[in-house]
Amino acid sequence: MISRIDLRGEPLPEGAALRDLLPRAEFDVEAALEKVRPICEDVRHHGAAAVIDYGEKFDGVRVPSLRVPAEAITRALEELDPAVRAALEESIRRARLVHREQRRTTHTTQVVPGGTVTEKWIPVERVGLYVPGGRAVYPSSVVMNVVPAQEAGVDGLAVASPPQKEFGGLPHPTILAACALLGVDEVYAAGGAQAIAMFAYGTLGGAGTEADPGCAPVNLVTGPGNIYVAAAKRLLKGRIGIDAEAGPTEIAILADSTADPVHVAADLISQAEHDPMAASVLVTDSEELATATEAELKTQVAASKHVDDRIVPALAGRQSAIVLVRDLADGLTVVDAYGAEHLEIQTADAAAVADRVRNAGAIFVGPWAPVSLGDYCAGSNHVLPTGGCACHSSGLSVQSFLRGVHIVHYTRDALADVAHHVVTLAEAEDLPAHGAAIKARFGWKVPETT
């Protein structure tokens, strides 16, 4: 059901050589670019009509309007299961606690007397938040995208989620209910690359009605999606900012002989049920744990849902494996090379081991902090870097929606004190006009320093 990779025989290779030995899903965004390019161009030139046409083609339903009516959002919340509402409200509450603490404040540094640099943090003006549809329903992704944007102070928030045939072309009602709980009333029934293009180019004019005036272009697009969403983000990056090109979801578990194989197997399965391309990786120095986990997988998978269409293909795929290492030091090297979206540490003294990890989207410490907790109610964000990008990128946070702007203020005396250095560096770079801009302020003579 899941393969083994044995790295115990020789010293671990370094860098790319080690990464090449580790399991990873194939996710060729470059190949998908040529498929999404004409879709994005069509939306650019034909606006809402093109988005509606692609919704009919890919989602099997033709919507009369992209903009979800306000009454549909209100109704979705009214009809929401009370238990689901309570769970979403708690998820929102905890996410706000964590993300509110991330907000940066303006800070001024006095470089010299009369010379200051202030760093001011300004929210992005308008953001498009993408919430995927398809195999599963993700109201949690509404929470994880909207809460940090709101805590950053973003004024304009628009959500897009694919139209669902069984709900009359509206996004899933639980998605709409989550939007209502968060106070988001600008929601569009649009999915895939066409939704990203809608955000990038806008569809102003819309259906030409007061109810659907069209979607104004955004400055930034966030949220996970399939390979075509990732490709559209890559294609349109520059016109819009993006959070990341999210690939298939991943879990890596670093565990030793103290780990409970029941927990380990359950957590590997929990990630595998997302998608047949999902990656579930166990890294351990205990062959006994590996064997016990394999047995548990067989038992627990048999009792699971989504077995044949998601879990078994994910666990059996090249992206999933049990990786055997000589010791925990090698295990840490392996998980750092892998750079998992989600990394669980199930070892003795798990907190100390977790503190040594360098590359992970989020780290879950000990037996009582499974990834499922982070998906919903830990307070952390579950929009995280995938495909090894955790070595250079962070998950979604308040900072994702802020821009740092430097404000430079120097008096005449402060500029005079450093003018000769500026002129010298300008001439060293053969940019004499840069130096002349300084000289012009002092009668074309560089002030002497004392």
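As the structure is a computational prediction, the values presented were derived from the model and not from experiment.
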Quick one, [X] and [Y] - any side-chain contact, counting heavy atoms below 4.5 Å?
{"X": "Ser372", "Y": "Ser270", "result": "yes"}
{"X": "Pro370", "Y": "Glu344", "result": "yes"}
{"X": "Lys305", "Y": "Ile311", "result": "no"}
{"X": "Asp256", "Y": "Leu328", "result": "yes"}
{"X": "Arg103", "Y": "Glu151", "result": "no"}

Open item on the list: Please determine whether side chain to side chain donor-acceptor pair (under 3.5 Å) holds for the pair Thr118 and Thr108, giving the CA-CA distance in whole Å, both sets of side-chain angles, and the decisive distance to 0.1 Å.
Closed with: CA-CA 4 Å; Thr118 298; Thr108 298; 2.8 Å; yes
Task: Qualifying residues under side-chain hydrogen bond (donor to acceptor under 3.5 Å, both in side chains), relative to His107, sequence neighbours excluded - done: none
[X] side chain to [Y] backbone, donor-acceptor under 3.5 Å:
{"X": "Gln271", "Y": "Ser280", "answer": "no"}
{"X": "Glu245", "Y": "Lys233", "answer": "no"}
{"X": "Gln300", "Y": "Val262", "answer": "yes"}

- [ ] Apply side chain to side chain contact (heavy atoms under 4.5 Å, CB included) to Asn219 and list each qualifying residue two or more places apart in sequence or on a separate chain.
- [x] Val124, Glu125, Arg126
Open item on the list: Test salt bridge (Lys or Arg N to Asp or Glu O under 4.0 Å) on Arg94 and Glu90; report intermediate values, then the result.
Closed with: CA-CA 6 Å; Arg94 294 184 180 212; Glu90 182 62 12; 2.7 Å; yes
- [ ] Could you tell me whether Glu119 and Arg104 have a side-chain N and a carboxylate O separated by less than 4.0 Å?
- [x] no
TODO: Run the numbers on Tyr138 and His382 for side chain to side chain donor-acceptor pair (under 3.5 Å), then give the verdict.
DONE: CA-CA 11 Å; Tyr138 293 105; His382 77 203; over 6 Å; no
- [ ] Measure up the Tyr188 and Phe199 rings against each other and bin them: parallel (under 30°), tilted (30 to 60°), perpendicular (over 60°).
- [x] perpendicular
